[in-house]
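Okay, so here's the structure we're looking at.
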2 protein chains.
Amino acid sequence: MSEQDLAAISQLRSSTMRLSRRLKHQRVEESLSPTEMGVLGTLARCGKATPGELARKEHVQPPSMTRIVAMLEEKGLVRREPHPEDRRQVVVSSTEQAETILAESRRRRNVWLAELAQGLDEEEWAVLREAAPVLYKLAHL
Amino acid sequence: MSEQDLAAISQLRSSTMRLSRRLKHQRVEESLSPTEMGVLGTLARCGKATPGELARKEHVQPPSMTRIVAMLEEKGLVRREPHPEDRRQVVVSSTEQAETILAESRRRRNVWLAELAQGLDEEEWAVLREAAPVLYKLAHL
DNA sequence: TATTGTTATACTCTATAACTATA
DNA sequence: TATAGTTATAGAGTATAACAATA
């Protein structure tokens, strides 16, 4: 890896960390913790999941996920159903209300980021527009 | 703002959030919390700062920063000196040891990110290399 | 009287250990 | 005997309120 590549990597790392910190402050739903929002996001992508799967994906321990799911259910943001085959397991899915919150959260952060991007000139913005799908691929590798 | 621009913004947002979550797991110093690392980073950039300034920059309340600074001082990562003009204030600065930890943290995350980037082809990587300084500018606007 | 920093106390989030039900 | 989920309890990390020292 060349010197230039290393410089680019370092810029990507620090920019990502800094941008994410600033994006996080643009929260819509103050009553939901980052992990709770993460669970809603995962359910929106995967449709449904067991508490154990959610715990692994959000990097928390199972007892913590039990509490989180209970909290979200109480707020009407997720549903809990018995697993059709294995009666030990539970299937968690998100509600319409959760989708609304997620959509609003994404919208708000997009607005903030779009406003920030006003500070770039036309050429810089063209570079970023081309890089966006590549960055997306990188983040999902 | 065009439809394409909005799509790029949305990709930038979600990629940034996801990449940052994964980068955060690549912590070097398990004994330091994210906020404590943030304080060391701020001090490395600004040289020195008062607890009040640090609290504002890290988005925590002053009493929390008192605890954090005390913890860092106990570990030999920061120094506390009386303010030369205002005897109410305290000046906090980081030590050599803190710089070492920060450098190792950056290095480790760079290695992880560089390895991830192996999954991109040459053309995609060229796009990112060009975008890195622009992203850096965006993050610091 | 306002401001900086601190102490005392409480709350939120998460973890570990022990338990229940099912496989 | 192993696994999924839960309950009980403890530990970080942060917040609010009250206080001391200085401006």
Side-chain angles (χ1 to χ4, degrees), chain A residues 20-21 24-25 27-43 46-75 77-94 101, chain B residues 20-22 24-25 27-43 46 48-75 77-94 101:
Chain A
S20 73
R21 272 200 301 273
K24 235 183 302 188
H25 285 289
R27 289 210 268 171
V28 158
E29 191 50 63
E30 292 294 338
S31 67
L32 293 181
S33 75
T35 307
E36 287 165 341
M37 284 298 287
V39 169
L40 296 186
T42 297
L43 289 176
C46 305
K48 41 186 62 177
T50 67
E53 288 166 349
L54 290 171
R56 281 188 292 277
K57 289 193 183 182
E58 300 300 323
H59 296 96
V60 297
Q61 295 301 309
S64 303
M65 191 49 71
T66 294
R67 281 183 62 86
I68 290 169
V69 168
M71 186 80 74
L72 291 174
E73 187 182 31
E74 201 174 302
K75 288 180 180 169
L77 300 175
V78 303
R79 263 185 296 271
R80 295 167 78 258
E81 297 167 280
H83 192 286
E85 292 150 16
D86 186 341
R87 285 194 297 169
R88 293 173 306 180
Q89 298 189 48
V90 174
V91 178
V92 184
S93 56
S94 62
I101 287 177
Chain B
S20 74
R21 271 200 302 273
R22 300 176 68 187
K24 235 183 303 190
H25 284 290
R27 290 210 268 171
V28 157
E29 191 51 62
E30 293 294 337
S31 67
L32 293 181
S33 74
T35 307
E36 287 165 340
M37 285 297 286
V39 169
L40 296 186
T42 297
L43 289 176
C46 305
K48 40 188 59 179
T50 67
E53 287 168 349
L54 289 171
R56 281 188 292 277
K57 289 193 182 184
E58 300 301 323
H59 296 95
V60 297
Q61 294 302 308
S64 302
M65 190 50 70
T66 293
R67 282 181 63 86
I68 290 169
V69 168
M71 187 80 75
L72 291 174
E73 187 182 28
E74 201 174 301
K75 288 180 180 169
L77 300 174
V78 303
R79 264 185 296 272
R80 294 167 79 258
E81 298 167 282
H83 192 285
E85 293 149 15
D86 187 339
R87 286 196 295 172
R88 293 172 305 180
Q89 298 189 49
V90 174
V91 178
V92 184
S93 57
S94 62
I101 288 176

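Please read these numbers as outputs of a predicted model, since none were measured by experiment. Chain A is the first sequence line, chain B the second, and so forth, proteins listed ahead of strands; every chain is numbered from 1.
If you take CD of B:E53 and P of C:dT3, they are 16 Å apart, rounded to a whole angstrom. In this structure, B:E81 places its CD atom 17 Å from C1' of C:dG5, rounding to the nearest Å. As rounded to whole Å, 11 Å separates atom P of D:dT6 from atom CE of A:M65. Rounded to an integer number of Å, the gap from A:L54 CG to D:dA4 C1' is 13 Å. We find that CD of A:E58 is positioned 17 Å from C1' of C:dA15, with the value rounded to whole Å. Computed from coordinates, the A:R56 CZ to D:dT3 P distance equals 12 Å when rounded to whole Å. Following rounding to the nearest Å, A:H83 (NE2) and C:dA23 (P) show an atom-to-atom distance of 11 Å.
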Let me check something: any side-chain donor-acceptor pairs from residues 50-61 of chain B under 3.5 Å, sequence neighbours excluded? List them with distances.
| residue | atom | partner | partner atom | Å |
| --- | --- | --- | --- | --- |
| B:T50 | OG1 | B:E53 | N | 3.2 |
| B:E53 | OE1 | B:T50 | N | 3.0 |
| B:E58 | OE2 | B:T42 | OG1 | 2.6 |
| B:H59 | ND1 | A:H25 | NE2 | 3.3 |

At under 4.0 Å between heavy atoms, how does the protein contact nucleotides 13-23 of chain D? Give one character per nucleotide, 5' to 3', with B, S or -. SBBBB---BBS

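Shown here are the side chain to side chain donor-acceptor pair (under 3.5 Å) partners of B:R21, two or more places apart in sequence or in another chain: there are none. Evaluation of the salt bridge (charged side-chain N to carboxylate O under 4.0 Å, His left out) rule for A:R67 yields no partner, not counting sequence neighbours. In this structure, A:R79 has no side chain to side chain donor-acceptor pair (under 3.5 Å) partners at least two apart in sequence or on a different chain. For the side chain to side chain donor-acceptor pair (under 3.5 Å) test, residues two or more places apart in sequence or in another chain that qualify with B:E29 are B:S31.
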Show your reasoning for whether side-chain contact (heavy atoms from CB on, under 4.5 Å) applies to B:L32 and B:L77. CA-CA 11 Å; B:L32 293 181; B:L77 300 174; 3.9 Å; yes

